[in-house]
Amino acid sequence: MSERLNRGPMAWLGQGLLYGLFALVIGVFSSWPPYHYLDRDQALIKLSFNHQGQVVADCRDVSAQEQAKVQPTMRRTKICPRERSPITVELDIDGATVLKHVAQPSGLSRDGASTTYHRLQVPAGSHTLVVRLKDDVRSAGFNHERRATVTLKPAQILVIDFEPGKGGITLQ
Amino acid sequence: MHPLRQSRLAALSVYQALEHQLGRICGPDLNPLRHLGALGFLLFWLLAISGIYLFAVFDTSAEGAYRSIDQLSRQQWYLGGVLRSVHRYSADAFIVVLLAHLLREALMGRYSGFRRFSWLTGVPLLLLAFTSAIGGFWLNWDQLGQFSAMATAELLDALPLFASPLTRNFLGTAAVSDRLFSLFIFVHVGVSLFLVFGLWFHIQRLSHAAVFPPRPMVAAVMLGLLALALAAPVMSHAPADLAAAPATLTLDWFLLFIHPLAYATSPGLVWALLALSLLLLFALPFLPQPAQAPVAVVDPANCNGCRRCFDDCPYAAVTMVPHPIRTVRQMAQVDSDLCASCGICVGACPSSTPFRSAAELVTGIDMPASPIGALRQRLSQGLAALGQAPGKIVVFGCQHGANVSRLASPDVLALELVCAAQLAPSFVEYALRDGASGVVVSGCSEGGCIYRLGQRWTAERLQGRREPHLRASVPAEQLALAWADAGDEASVMRALQGLRRRLADSLATPATRAVQADV
């Protein structure tokens, strides 16, 4: 356990080796082993949207009895619910449903946009995709659907989004 | 004993064995494990200097970022390229040193009591360091930067923090704008600035904080990083392409290990692990600890306001206030929250000299649990108890260093102190005048003092380089110094035997004046 002050050639050599070893460890693990994020024959599908669902109900007239219950300055003729519909999305790949998700509206009053992000790893090659989306609780089924056959190259990223201004469900 | 404490002590013994082995190679004064904090500072300064150059030539636009860094590495490899590599490798080394520093302090139980502030301000620095380091990869905007930015966004999206997923910023090339790059720059550079403030807070309660390691160590680290930069220059991956996923990456495992961990497990598990680790680290100082000895107490009647205790306190626990009795003077005041009860201030006080004629020795600042008056009494009584044995030797030792009580023998009086620096140098002369032939002063090895500066102050005082100093008239051959840690009693024994030989030789040869460190 003794630590004698030793400044001979061997001590300097020892220190050189010590710092060299430290540099080697830093050098090696700053780039090795390689990390395989994705297998060579795989591609990625990213399904994501940021969309505000339809309001859960239409505006309705306020009755005279309801008007009478509030102060004159607070009276209004219509009540329009702020709450938005949750958005339901489903994704089928080659006939099999691989994703079912309900995105709730954000905000304390549930009046904000619904958002989602999912990353799916699929084999590269040709796939038939069916994307269904429902953004209105008042409709019976899905009110948006997109069917497409895509050919994905290895490592390619396909983004499925929902943009009403571009016709609804988009693939890019 | 509490199981947690038991495990800590078991791990500490393994760690100390490693530290001692390194001490044998490098010498205790150049043992890197005893300069981890200072090494961290050095690496941070290297990061700052190389980073300033890189930022000066960096194109801060989404379009030009990759090109500017890639050109630097290829066209100006001899300067910009080397600095880029030094920047990266310094970041890796910084994280390693930071984690080692945290581990060492944790194993040594240096997180509670007067050290609580330094511990609690140190733990967040880890988060800042990792955040800044990870953000640095995004600036390059190659495939690795793309992967890291995307993986970080996915990790953050697992928390209910953002109204819109951050990952949407990386769905298409159009989403990556110059504005997003401003955010990247804030994460890397802005967080680094917070790190500077954090480091400043971290050492606030340390006096004489070591923010620069010894020069040979600086040279070794810089040469090592330079050699690494030349041997394995850091190069960019292919430019980021949001339409394609990078399949295979040469990942920096020191800084980016969190991404593979999140993909191999789940973001939730990574957050849980991180939260648990932080909770444990922050909770450590509040767990039950053995009671600390009573803190130093100032006696106004014997304090002349000389400021030596103020200068020597390793934890800035002493401040100077107006003297209540002597209006033209100041008086020391001890902050009990900061005091380590080390007694270093007692050894610094000029009133601690045992030559004072008062029957009861009362000094200006003293330790209630082991007062200096009691030490004088133990010394006198001990020497008297040794009788007329020829060549009587007094060994002053430190409670935390080598156990000197094992050296007690019919001609050796062993006296233990809280810290070697609790010993006023005049005690050496007093022991010699009181019948001792020689004195051994033992303390922790260089850089190994549990109270940071005790060994250094003791050596400097006894060598006449710090006040209060040992008088030059004390024959050097009658004093031996032994810097040895707990378990290294053999070193103190060697110093004792060397002193005996010198005492025997001195009968035939003239005295030398320089105080020697035998170990």
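Lettering follows sequence order; numbering is per chain, from 1. Just so you know, these numbers come straight off a predicted model, no measurement behind them.
Scored by the side-chain contact (heavy atoms from CB on, under 4.5 Å) test, A:Phe142 finds A:Thr88, A:Glu90, A:Arg132, A:Lys134 as partners (sequence neighbours excluded).
Of all the listed residues (B:Pro165, B:Gly224, B:Ala247, B:Gly172), the one sharing the greatest number of non-hydrogen pairs under 4.5 Å with chain A is B:Ala247. The candidate with the highest count of non-hydrogen atom pairs below 4.5 Å against chain A, out of B:Leu223, B:Leu249, B:Leu22, is B:Leu249. Among the candidates A:Gly14, A:Ala23, A:Ala155, the residue making the largest number of heavy-atom pairs closer than 4.5 Å to chain B is A:Ala155.
Using a 4.5 Å heavy-atom cut-off against chain A, the contacting residues of residues 227-243 of chain B are B:Leu228, B:Leu242, B:Ala243. Of all residues spanning residues 33-55 of chain A, those with a heavy atom less than 4.5 Å away from chain B's heavy atoms are A:Pro33, A:Pro34, A:Tyr35, A:His36, A:Tyr37, A:Leu38, A:Leu44, A:Lys46, A:Ser48, A:Phe49, A:Asn50, arranged by number.
Taken from CG in B:Leu255 to CZ in A:Phe29, the straight-line distance is 14.0 Å, to the nearest 0.5 Å. One distance of note links CZ of B:Phe162 with OG of A:Ser106; it measures 14.0 Å at 0.5 Å rounding. With rounding to the nearest 0.5 Å, the separation of OG in A:Ser31 from CG in B:Leu251 is 9.5 Å. With rounding to the nearest 0.5 Å, the separation of OH in B:Tyr263 from CZ in A:Arg119 is 4.5 Å.
Of the two parts of B:Phe257, neither the backbone nor the side chain holds a non-hydrogen atom closer than 4.5 Å to a non-hydrogen atom of chain A. Contacts of A:Thr116 with chain B are made by backbone atoms alone, with heavy-atom separations under 4.5 Å and no side-chain atom involved.
Atom CZ of A:Arg138 sits in a crowded spot, with more than 12 heavy atoms from other residues, nucleotides or ligands closer than 6.0 Å. Remark: A:Arg147 CZ is loosely packed, at most 12 non-hydrogen atoms of other residues, nucleotides or ligands lying under 6.0 Å away.
Counting only heavy atoms from C-beta outward, the side chains of A:Tyr117 and B:Leu171 approach each other to under 4.5 Å.
In plain terms, the two heavy atoms of B:Phe254 and A:Val25 that are nearest each other are CZ-O, 3.6 Å. When all heavy atoms of A:Gly27 and B:Tyr89 are compared, the pair lying nearest together is CA-CE2, 4.3 Å. Of all heavy-atom pairs between B:Pro32 and A:Leu18, the closest is CG-CD2, 4.0 Å.
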Identify each donor-acceptor pair in which a side-chain atom of residues 91-101 of chain B lies under 3.5 Å from a protein atom, sequence neighbours left out, and give them as a table.
none

